[in-house]
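In the text below, chain A, chain B and the rest are named by the order of the sequence lines, each starting its count at 1.
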2 protein chains.
Amino acid sequence: MKNGGLKLDERDLRILAILQTEGRITKTELAERVNLSPTPCWSRLKRLEKIGLIEGYRAKIALKRFGLTMVFMEAELESHRAADFARFEAEMRQIPEITGCWSVGGGIDYLIQVMVKDVDTYQRLVDRLLERGIGLKRYYTYVVTKAIKEDSPPPLERLRAAD
Amino acid sequence: MKNGGLKLDERDLRILAILQTEGRITKTELAERVNLSPTPCWSRLKRLEKIGLIEGYRAKIALKRFGLTMVFMEAELESHRAADFARFEAEMRQIPEITGCWSVGGGIDYLIQVMVKDVDTYQRLVDRLLERGIGLKRYYTYVVTKAIKEDSPPPLERLRAAD
DNA sequence: CTTGAAACAAAAGAGAA
DNA sequence: TTCTCTTTTGTTTCAAG
């Protein structure tokens with residue numbers, strides 16, 4: 001079962017949707033917004049955290065202001081054995097500049113999101129990866145010149161509750 | 001000036017780095033972690049919010065648990081006049097399923113991140129875009145089969161403070 | 001679900017290093 | 001200034017109905 005066998009009602013979804021954009025709202029105000037008194041709202045929230053639907057809370061930092069450059073990289077591996085994928089993925093997880101990595105179908109193996117000080121730093125990172133013999137065969141680089149939209153919360157409320 | 005002419009010291013960076021992963025930490029604990037008493041820590045925090053370095057707070061929701069599918073799309077526009085870009089970008093911003101959109105160099109014009117219930121819904125969304133006469137010439141679809149890493153906070157502490 | 005009370009955190013001021 | 005300390009106000013948590 002997708003949600004660990006737990007059902008979510010409209011209010012739970014509303015709570016999630018609110019927290020998705022206002023992670024530091026007070027529990028009192030959250031309760032008001034979903035038309036509940038603080039206590040039941042609080043126990044719903046606890047439940048949502050406990051079953052892992054809320055994975056944590058984060059401040060959204062204006063990374064642009066630090067002059068960080070975003071680069072996307074399409075990567076293809078030399079060999080497609082399970083062990084090679086595993087090694088590559090372990091490497092991805094370890095590198096802090098790599099902020100996202102997804103395995104995708106359609107010719108390329110991985111789509112990788114990188115945040116670096118500048119393109120030079122990116123190139124050094126790639127060189128390090130290549131030297132490392134991690135199975136990287138081919139890669140394409142796409143330097144982001146403008147962010148039109150980023151981390152925009154997906155519409156939870158349109159979703160059906162739980163299975 | 002990149003940071004609005006405001007300087008950040010080690011403590012400010014530390015505060016940002018902590019909030020980036022623990023967005024709901026209490027101000028008292030935050031103060032302890034940066035070796036300050038609550039008040040000065042609180043005013044630093046206020047300042048960081050005020051100058052826009054902290055854009056907000058968000059709960060991280062386990063979207064997988066909702067059975068959402070992530071799709072990346074590379075898009076190329078028919079025409080490259082400023083007005084065409086603007087129209088396309090305005091459209092991107094309006095569609096809630098589009099959670100990310102970056103303008104990139106290197107052959108393709110945009111890299112677009114989409115969150116949908118299933119691939120079918122994605123296809124309908126693309127059809128809608130095409131019908132709309134929004135200038136979309138060619139697109140490539142990459143369905144995410146596995147997230148190795150996602151929204152991993154970039155290393156702020158390595159950065160030089162401010163200019 | 002509601003009330004209510006004890007424990008805790010946030011916010012703001014007064015003043016010392 | 002920038003911090004520590006203290007007070008007031010508001011929030012969180014949980015026990016009992």
Side-chain angles (χ1 to χ4, degrees), chain A residues 3-62 65-66 153 156-157 159-162, chain B residues 1-62 65 153 156-157 159-163:
Chain A
N3 291 295
L6 287 154
K7 292 206 189 97
L8 303 177
D9 64 12
E10 288 302 314
R11 275 209 177 100
D12 292 314
L13 281 179
R14 188 99 206 289
I15 289 174
L16 292 173
I18 291 172
L19 288 169
Q20 203 173 23
T21 54
E22 293 163 79
R24 232 174 151 153
I25 191 174
T26 67
K27 299 185 165 85
T28 336
E29 202 198 327
L30 180 61
E32 279 168 20
R33 295 264 289 274
V34 298
N35 297 310
L36 278 177
S37 57
T39 311
C41 181
W42 179 78
S43 51
R44 276 163 185 269
L45 181 49
K46 276 281 157 191
R47 173 171 159 267
L48 294 171
E49 287 171 349
K50 196 172 162 205
I51 66 181
L53 277 177
I54 297 173
E55 295 177 330
Y57 299 88
R58 309 190 154 181
K60 201 189 166 210
I61 308 296
R65 303 280 290 278
F66 288 91
L156 285 185
E157 277 158 317
L159 262 37
R160 247 190 64 279
Chain B
M1 294 180 194
K2 278 174 191 157
N3 292 297
L6 288 154
K7 293 208 188 97
L8 303 177
D9 63 13
E10 288 301 316
R11 275 206 177 105
D12 292 313
L13 281 178
R14 188 97 207 288
I15 288 173
L16 291 172
I18 290 171
L19 288 170
Q20 202 173 25
T21 55
E22 294 162 78
R24 239 181 143 149
I25 192 175
T26 67
K27 300 187 172 142
T28 336
E29 204 199 325
L30 180 62
E32 279 168 20
R33 296 266 288 274
V34 298
N35 298 311
L36 278 178
S37 60
T39 310
C41 182
W42 180 79
S43 53
R44 275 162 185 268
L45 182 49
K46 278 279 160 191
R47 172 171 159 268
L48 294 172
E49 287 171 349
K50 195 172 164 207
I51 66 180
L53 278 177
I54 297 174
E55 295 178 330
Y57 298 88
R58 308 189 154 181
K60 202 190 164 209
I61 307 296
R65 303 279 290 276
L156 285 185
E157 279 159 312
L159 261 40
R160 244 188 66 280
D163 296 301

> If you fit an axis to the five pairs at each end of the helix from C:dC1-D:dG17 to C:dA17-D:dT1, how big is the angle between those two axes, to 10 degrees?
Replying inline: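 Here the helix ends are tilted 30° relative to one another.
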> What pair of heavy atoms forms the shortest contact from A:Glu55 to B:Ile61, and how long is it?
Replying inline: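 In terms of heavy atoms, the two residues are closest at OE1-O, 4.3 Å.
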> Taking all non-hydrogen atoms of both residues, which atom of A:Arg65 and which atom of B:Ile51 are closest, and how far apart?
Replying inline: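 Answer, listing the atom of A:Arg65 first, then B:Ile51: NH2-O, 2.8 Å.
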Are any protein N/O atoms closer than 3.5 Å to N/O atoms in nucleotides 15-17 of chain C? If there are, list each pair with its distance.
none

Listed pairs under 3.5 Å, donor-acceptor, residues 14-21 of chain A side chains, sequence neighbours left out:
| from | atom 1 | to | atom 2 | distance (Å) |
| --- | --- | --- | --- | --- |
| A:Arg14 | NH1 | A:Arg33 | O | 2.6 |
| A:Thr21 | OG1 | A:Ile18 | O | 3.2 |

> Nucleotide by nucleotide, 5' to 3', does protein get under 4.0 Å of the base (B), only the sugar-phosphate (S), or neither (-) in nucleotides 6-17 of chain D, counting heavy atoms?
Replying inline: -----SSSBB--
> Would you call A:Lys7 and A:Asp12 a salt bridge, taking side-chain N to carboxylate O under 4.0 Å as the test?
Replying inline: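 No salt bridge links A:Lys7 with A:Asp12.
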>> OP1 or OP2 of C:dC1 versus the side-chain N and O atoms of A:Arg44: is any pair under 4.0 Å?
In response: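 The answer is yes; a side-chain N or O of A:Arg44 sits under 4.0 Å from OP1 or OP2.
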> About how many Å separate OH of A:Tyr57 and CD of A:Glu49, when rounded to the nearest 0.5 Å?
Replying inline: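 Reported to 0.5 Å precision, the distance equals 3.5 Å.
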> Does the pair A:Arg58 and B:Lys60 meet the rule for a side chain to side chain contact (heavy atoms under 4.5 Å, CB included), with working shown?
Replying inline: CA-CA 7 Å; A:Arg58 309 190 154 181; B:Lys60 202 190 164 209; 4.1 Å; yes
Please set out all donor-acceptor pairs under 3.5 angstrom arising from side-chain atoms of residues 34-42 of chain B, sequence neighbours excluded.
none

>> The test is side chain to side chain contact (heavy atoms under 4.5 Å, CB included); show your working for A:Leu8 and A:Arg47 and say whether it passes.
In response: CA-CA 10 Å; A:Leu8 303 177; A:Arg47 173 171 159 267; 4.2 Å; yes
> Quick check: does any side chain N or O of A:Arg24 sit under 3.5 Å from a backbone N or O of B:Gly23, one acting as donor and the other as acceptor?
Replying inline: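 Looks like yes, one N/O pair under 3.5 Å.
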> What residues, two or more places apart in sequence or in another chain, satisfy salt bridge (Lys or Arg N to Asp or Glu O under 4.0 Å) together with A:Glu32?
Replying inline: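 A:Glu32 satisfies salt bridge (Lys or Arg N to Asp or Glu O under 4.0 Å) with no other residue.
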